Amino acid sequence: MHTQQEPERNLALELVRVTEAAAMAAGRFMGRNDKPGSDQAAVNAMRLVLNSIAINGVVVIGEGEKDNAPMLYNGEQLGSALSPEVDIAVDPIDGTRLLALGRANSLATVAISDRHTMWNPGPFVYMNKIAVGPVGKGMIDIEAPPAVNLRSVARAKGCDIRDLTVVILDRERHAGLIAEVRNAGARIRLITDGDVAGALMTSWPDSGIDLLMGVGGTPEGVISACALKSMGGEIQGKIFPRNDDEISRGNALGYDIAKVLTIDDLVSSDSVFFAATGITDGELLDGVKYFGSGARTHSLVMRSKSGTVREIFARHRLDKLMEFSQIAFD
């Protein structure tokens with residue numbers, strides 16, 4: 001017999017205030033080639049609003065260790081309550097260089113899950129990743145050649161490999177991968193930065209992106225997993241060590257470099273909340289638009305337990321916000 005439950009608190013609807021604030025603060029820097037300034041503005045805004053939410057949070061995916069990042073550092077405790085106890089993943093600007101140069105697809109993102117359920121990247125900065133949307137779920141294998149994955153996804157989608165578009169970071173290390181994808185016949189969208197946006201686009205119907213492949217940031221992999229859990233997509237990863245020092249440090253901490261990390265390894269909770277707000281225009285979200293005393297934002301808000309993905313368009317009265325906010329939106 002099915003028993004009805006009372007609606008639970010949807011923390012994603014509170015998290016969107018975090019990403020909206022970060023996006024509006026950082027959006028003033030679009031095209032100004034000031035990466036430190038934009039990042040600091042986003043971090044300040046994000047931390048301030050996160051601290052106002054009734055959670056007991058610990059930053060697992062943050063801006064770095066405490067010695068290098070004064071705020072939103074790994075291990076920092078945030079929130080205004082004793083419960084619920086949660087892990088926090090933040091990327092105040094996914095695509096800092098994109099924002100600095102006024103290019104598309106920079107986002108402000110944040111995710112939370114039950115305490116001790118997010119994978120900690122430890123010393124590893126990079127991981128090899130493959131991500132697909134709901135139709136391709138269960139059809140990918142990060143250890144298989146690109147052509148095999150492309151055939152599997154094309155078969156699941158009922159299309160030809162030539163119809164698929166793969167998003168890949170434009171890096172020298174991907175020369176071989178790019179050649180293999182081209183030889184298989186798929187189309188390629190090269191991006192300079194922003195692989196969280198790239199992973200999300202695989203699960204967004206109107207983006208035109210079918211897969212993400214290649215080596216990107218490990219923190220971005222965890223954040224992407226949090227979103228894809230709600231969107232019904234899939235991501236797999238494998239640690240990609242940069243040098244022998246990372247390998248020795250990882251071995252000492254018990255990391256298995258050969259292990260294929262599934263979406264449940266990256267975030268094991270079934271109760272994950274995610275929010276993202278566009279900073280610059282892109283296939284996924286519109287960027288911040290300023291008009292006189294106000295601004296308009298476009299956000300995605302997700303909850304994995306229900307699988308609900310909301311689009312939120314908001315108009316903000318910055319003159320009103322500045323009357324009581326500590327965030328500099330002007």
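Excluded from the calculations below are hydrogen atoms, water molecules and symmetry mates; all remaining heavy atoms, backbone and side chain alike, are included. Owing to the predicted nature of the structure, the values given are computational and were not obtained by experimental measurement.
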Using modelled atom types and a 3.5 Å cut-off, is there a donor and acceptor pairing between side-chain atoms of [X] and backbone atoms of [Y]?
| X | Y | value |
| --- | --- | --- |
| E283 | N105 | no |
| N183 | A179 | yes |
| Y73 | G62 | no |
| E234 | G138 | yes |
| T280 | S106 | yes |
| D160 | D163 | no |
| S207 | M201 | yes |
| S203 | L200 | no |
| H174 | L169 | yes |
| E246 | R242 | yes |

Heavy-atom distance under 4.5 Å between the side chains of [X] and [Y], does that happen here?
| X | Y | result |
| --- | --- | --- |
| M213 | N149 | yes |
| P241 | I257 | yes |
| P145 | V148 | yes |
| L164 | R162 | no |
| S52 | S80 | no |
| L266 | I263 | no |
| F273 | V301 | no |
| K305 | D270 | no |

Would you say that more than 12 heavy atoms from the other residues, nucleotides or ligands in this model lie under 6.0 Å from the [atom1] of [X], or not?
| X | atom1 | result |
| --- | --- | --- |
| K157 | NZ | yes |
| R115 | CZ | yes |
| R171 | CZ | yes |
| M231 | CE | yes |
| D245 | CG | yes |
| R32 | CZ | yes |

Quiz item: Going by the angle between their ring planes, with limits at 30° and 60°, are F124 and Y255 parallel, tilted or perpendicular?
Solution: perpendicular
Donor-acceptor side-chain pairing of [X] and [Y] below 3.5 angstrom:
| X | Y | answer |
| --- | --- | --- |
| S268 | T117 | no |
| T277 | T19 | yes |
| T262 | D265 | yes |
| N56 | Q77 | no |

Exercise. Give the intermediate values and the outcome of side-chain contact (heavy atoms from CB on, under 4.5 Å) for residues I178 and L190.
Key: CA-CA 9 Å; I178 291 169; L190 291 177; 3.7 Å; yes
I need the minimum non-hydrogen distance between [X] and [Y], along with the two atoms involved.
| X | Y | result |
| --- | --- | --- |
| A108 | A22 | CB-CB, 3.9 Å |
| E20 | S299 | CG-OG, 3.9 Å |
| M302 | A12 | O-CB, 3.2 Å |
| M71 | E76 | C-OE1, 3.5 Å |
| A54 | P84 | O-CD, 3.6 Å |
| A45 | A21 | CB-O, 3.6 Å |

Practice problem: Please name the residue in the list I112, D87, V222 that meets the side chain to side chain contact (heavy atoms under 4.5 Å, CB included) test with V60. | Solution: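 When side chain to side chain contact (heavy atoms under 4.5 Å, CB included) is applied between V60 and each of I112, D87, V222, only D87 qualifies.
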Quiz prompt | Test applied, side chain to side chain contact (heavy atoms under 4.5 Å, CB included); reference residue, L15; option that passes from T109, I88, L50, I55 | solution = L50
Please report the interatomic distance [atom1]([X]) to [atom2]([Y]), rounded to the nearest 0.5 Å.
| X | Y | atom1 | atom2 | value |
| --- | --- | --- | --- | --- |
| E85 | H116 | CD | NE2 | 7.0 Å |
| K238 | M127 | NZ | CE | 11.0 Å |
| L300 | I312 | CG | CD1 | 9.0 Å |
| I279 | S38 | CD1 | OG | 8.0 Å |
| N120 | N74 | CG | CG | 7.0 Å |
| I161 | R155 | CD1 | CZ | 9.5 Å |

In terms of hydrophobic clusters joined by side-chain contacts under 4.5 Å, are [X] and [Y] together?
| X | Y | value |
| --- | --- | --- |
| I191 | L285 | yes |
| I235 | I142 | no |
| L177 | L212 | no |
| L78 | V272 | no |
| I130 | V215 | no |

Self-check item: Criterion side-chain contact (heavy atoms from CB on, under 4.5 Å) on E63 and V43, from CA distance to verdict
Solution: CA-CA 9 Å; E63 290 289 277; V43 167; 3.6 Å; yes
Which donor-acceptor pairs under 3.5 Å do the side chains of residues 90-99 make with protein atoms, sequence neighbours left out?
{"residue": "D94", "atom": "OD2", "partner": "V196", "partner atom": "N", "Å": "3.4"}
{"residue": "D94", "atom": "OD2", "partner": "A197", "partner atom": "N", "Å": "3.2"}
{"residue": "R97", "atom": "NE", "partner": "D193", "partner atom": "OD2", "Å": "2.8"}
{"residue": "R97", "atom": "NH2", "partner": "T192", "partner atom": "O", "Å": "3.4"}
{"residue": "R97", "atom": "NH2", "partner": "D193", "partner atom": "OD1", "Å": "3.3"}
{"residue": "R97", "atom": "NH2", "partner": "D193", "partner atom": "OD2", "Å": "3.1"}

Between [Y] and [X], does any NZ, NE, NH1 or NH2 come within less than 4.0 Å of an OD or OE carboxylate oxygen?
| X | Y | value |
| --- | --- | --- |
| K129 | E220 | no |
| D264 | K229 | yes |
| K289 | D281 | yes |

Exercise. For the pair T297 and H316, evaluate side-chain contact (heavy atoms from CB on, under 4.5 Å) and give the outcome as yes or no after the intermediate values.
Key: CA-CA 8 Å; T297 57; H316 309 265; 2.8 Å; yes
Quiz item: What's the verdict on side-chain contact (heavy atoms from CB on, under 4.5 Å) for V135 and K137, showing C-alpha distance, side-chain angles and the deciding distance?
Solution: CA-CA 6 Å; V135 178; K137 187 175 181 178; over 6 Å; no
Quiz prompt | Geometric cation-pi criterion R296 and F313, 6.0 Å radius, 45° cone | solution =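 The answer is no; the distance or angle limit is not met.
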